[in-house]
2 protein chains.
Amino acid sequence: MNRTSDTRQHILDTAATLFHTQSFSDVGIATICKQADVSKGSFFHFFPSKQALGVAVLEQFREKINETLVARAFSSQYPPMERLLRFVEELYMFQREQAKEHGHLPGCPFGNIVMEQATQDEILRKKADGCIRSIANHIRTAVSDAVQSGELAPLDEEATAEAMFGYLEGVQLMAKARNDAELIRRLGPAVATIRVPQQT
Amino acid sequence: MNRTSDTRQHILDTAATLFHTQSFSDVGIATICKQADVSKGSFFHFFPSKQALGVAVLEQFREKINETLVARAFSSQYPPMERLLRFVEELYMFQREQAKEHGHLPGCPFGNIVMEQATQDEILRKKADGCIRSIANHIRTAVSDAVQSGELAPLDEEATAEAMFGYLEGVQLMAKARNDAELIRRLGPAVATIRVPQQT
DNA sequence: CTTGAAGTATACCGACCAGTCTAGTACTAT
DNA sequence: ATAGTACTAGACTGGTCGGTATACTTCAAG
C-alpha cells in the first residue's frame, strides 16, 4: 500500500529532523504529528510508543549515514588513512549545512541520544550503541587496511578504531558547544594521529 | 545567615546529582524539591527559573571538578604528559564510582548539557562552553609545558589541547553508550598521542 | 454486496510541567 | 517593641505530556 508507507515514512522523517535539531525529550508526539500533518491516531497505529519511534529514528539515521557520508568516505578506492580524512570532511560539511539550515549545530544524532537518554532508557541506549558500533566498524576496516599496507605500524586495531570514533564524537560535541562547524575542520584531521598500542 | 546558604546549597547539590545521573529536561523542579525536602516557595526564592538553576549547577560542577580531579591530575609536580594520564585515571575512577552508585555511567556533566540543551537554550550552551574551556585550559598548560621541555615537538598548542579535551569527551560518551567505565581506561591514555600540527 | 482489516480523526485521560500567589514564620536592625 | 526583610509553605494555574478510546473512512478480497 502506498498510503501506509507514506505516512509512516513521513512521521519518521519529521521526527528524525526534530529529534536531531532539538532533542528527544523536548519534542512531543503532538508536535511531531502537527508538523507531519498526521493525526495522533495514525501515529499510534504505526508506532506503539515514543520509545519505539526513537529506536526507528536511530535505525534510519544509521542506514542513511552509512549510505551517504560513510559510503562516500570509506570507499576502498582511497588509501586507508585518507578515508578518515574524507570522513572528517563529510562530517564537517554535514554539520555546517545543518547549522546553516537550523541556526544551531545539531551534533551527532547518536551521541545526542546517548547523552540524553542512556541513563534513563536502556533500550534506546543499546540501540544507539549499536548504531555507533555499526559506523565505527568502517573505521576499524580502514585501520586494519592501513596496518596491512604498512601505512600504520602494528597497534591495537579494535581499540584504535574505537578511539578514533570517540575522538570524532568529541570534536562534534565541542563544535556543538561553540556552535561552530569550523572546529571540526580544524581539529578533525588529527584523528589520524591517534594510536592505541597493542596491549602486552 | 546559616539557613539561607544551607537551603540554597542543598538545592544545588540535589539538582547537580539528579541532572548528572538523569538529565536536565527529564528532572522536574518538583522532583528536586521533594528530594531536597524543600518547598517550591523556597526554590523560587533562590532560583528565578530552572535555567538559572542549570547555570548554577554547571558553575558548581566546574568549581568542584577543578578543585578535585583537575587539581590532583594537573599538579605541576608531575611531568606535563604524565598529568594527562593522571587526568584520564581520575576520570576513570570518577565515572566508575558514579556508575557503581547509580547503576548507570553518567558521562561528563558538561557534555550532557551540551548535547541536550545546546540547540535549545543559548544561555546554557554558553555556560557549558565556558566550563569546557575552563577545564581544557589546564590541558593547554600541560601541552605548552611539554613543548617547552621538549617532551613534545612543536605543534599547535591551543588546537592540540582542544583536541585532547574533545577526545576525552568522546571517550566518556562511548563509555556512557556502553555503560562501561573500563573503556575509559582502555582508550583514555591514547590522549597523549594526539597532535594537531602548526598551521602554516 | 458484504465483511473485515488498515488506516485516520479527535475527544479525552490522569500525570506532570514550570512557574505564580498568598499567607505565613523567623530573624534582624532600629 | 516594631518594622521590615529573608525565607518557607503549599495550593493553584494554564498548559503539555504520553497514551487511550471510540468512531469513522477507505479499500481490497471473497
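Throughout, a chain's letter reflects where its sequence line sits, starting with A, and its residues are numbered from 1. Computed from a predicted structure; not experimentally measured.
For the pair A:D26 and A:P48, nearest-nucleotide mapping onto DNA chain D gives the more 5' position to A:D26. Of the two residues near DNA chain D, B:H45 and A:F43, the one whose nearest nucleotide lies more 5' is B:H45.
Of the listed nucleotides (D:dG18, D:dA9, C:dG19), D:dA9 has the atom at the smallest distance from the side chain of B:S42. Nearest nucleotide to the side chain of B:S39, out of D:dG10, C:dA9, D:dG19: D:dG10. Ranking C:dC17, D:dG18, D:dA9 by closeness to the B:A30 side chain, first place goes to C:dC17. Checking D:dG18, D:dC17, C:dG19 against the side-chain heavy atoms of B:F44 singles out C:dG19 as nearest.
A:G41 comes within 4.0 angstrom of a nucleotide base, judged by non-hydrogen atoms across all strands. Across all strands, B:K40 comes closer than 4.0 Å to base atoms (heavy-atom distances).
Rounded to a whole Å, the CG atom of B:L18 is 12 Å from the P atom of C:dA18. In this structure, B:K34 places its NZ atom 13 Å from P of C:dA15, rounding to the nearest Å. Rounded to an integer number of Å, the gap from B:K50 NZ to C:dC16 C1' is 12 Å. A straight line from NE2 of B:H10 to P of D:dT8 spans 12 Å, rounded to a whole angstrom. Between B:I32 atom CD1 and C:dG19 atom P the separation is 11 Å, expressed in whole Å. Rounded to an integer number of Å, the gap from B:Q51 CD to C:dG19 C1' is 14 Å. A:F46 has its CZ atom 19 Å from the P atom of D:dG18, to the nearest Å. Computed from coordinates, the A:I29 CD1 to D:dG19 P distance equals 5 Å when rounded to whole Å.
Proximity of a side-chain donor or acceptor of B:E169 to a complementary backbone N or O of B:C108 within less than 3.5 Å is not detected.
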Evaluate the side chain to side chain contact (heavy atoms under 4.5 Å, CB included) criterion for residues B:E151 and B:D145: first the C-alpha distance (whole Å), next the side-chain angles of each, then the deciding distance (0.1 Å), finally the verdict. CA-CA 8 Å; B:E151 212 176 330; B:D145 288 357; over 6 Å; no

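Look at B:E59 and B:R62 and you find a salt bridge, because one of the NZ, NE, NH1 or NH2 atoms lies within 4.0 Å of a carboxylate O, short of that distance. The pair B:D121-B:R125 fails the salt-bridge criterion, with no side-chain N (NZ, NE, NH1 or NH2) lying under 4.0 Å from an Asp/Glu carboxylate O.
Applying the 4.0 Å criterion to OP1 and OP2 of D:dT8, one finds that B:T7 has a side-chain N or O inside that range.
A:T7 and A:S42 share no side-chain donor-acceptor pair at under 3.5 Å.
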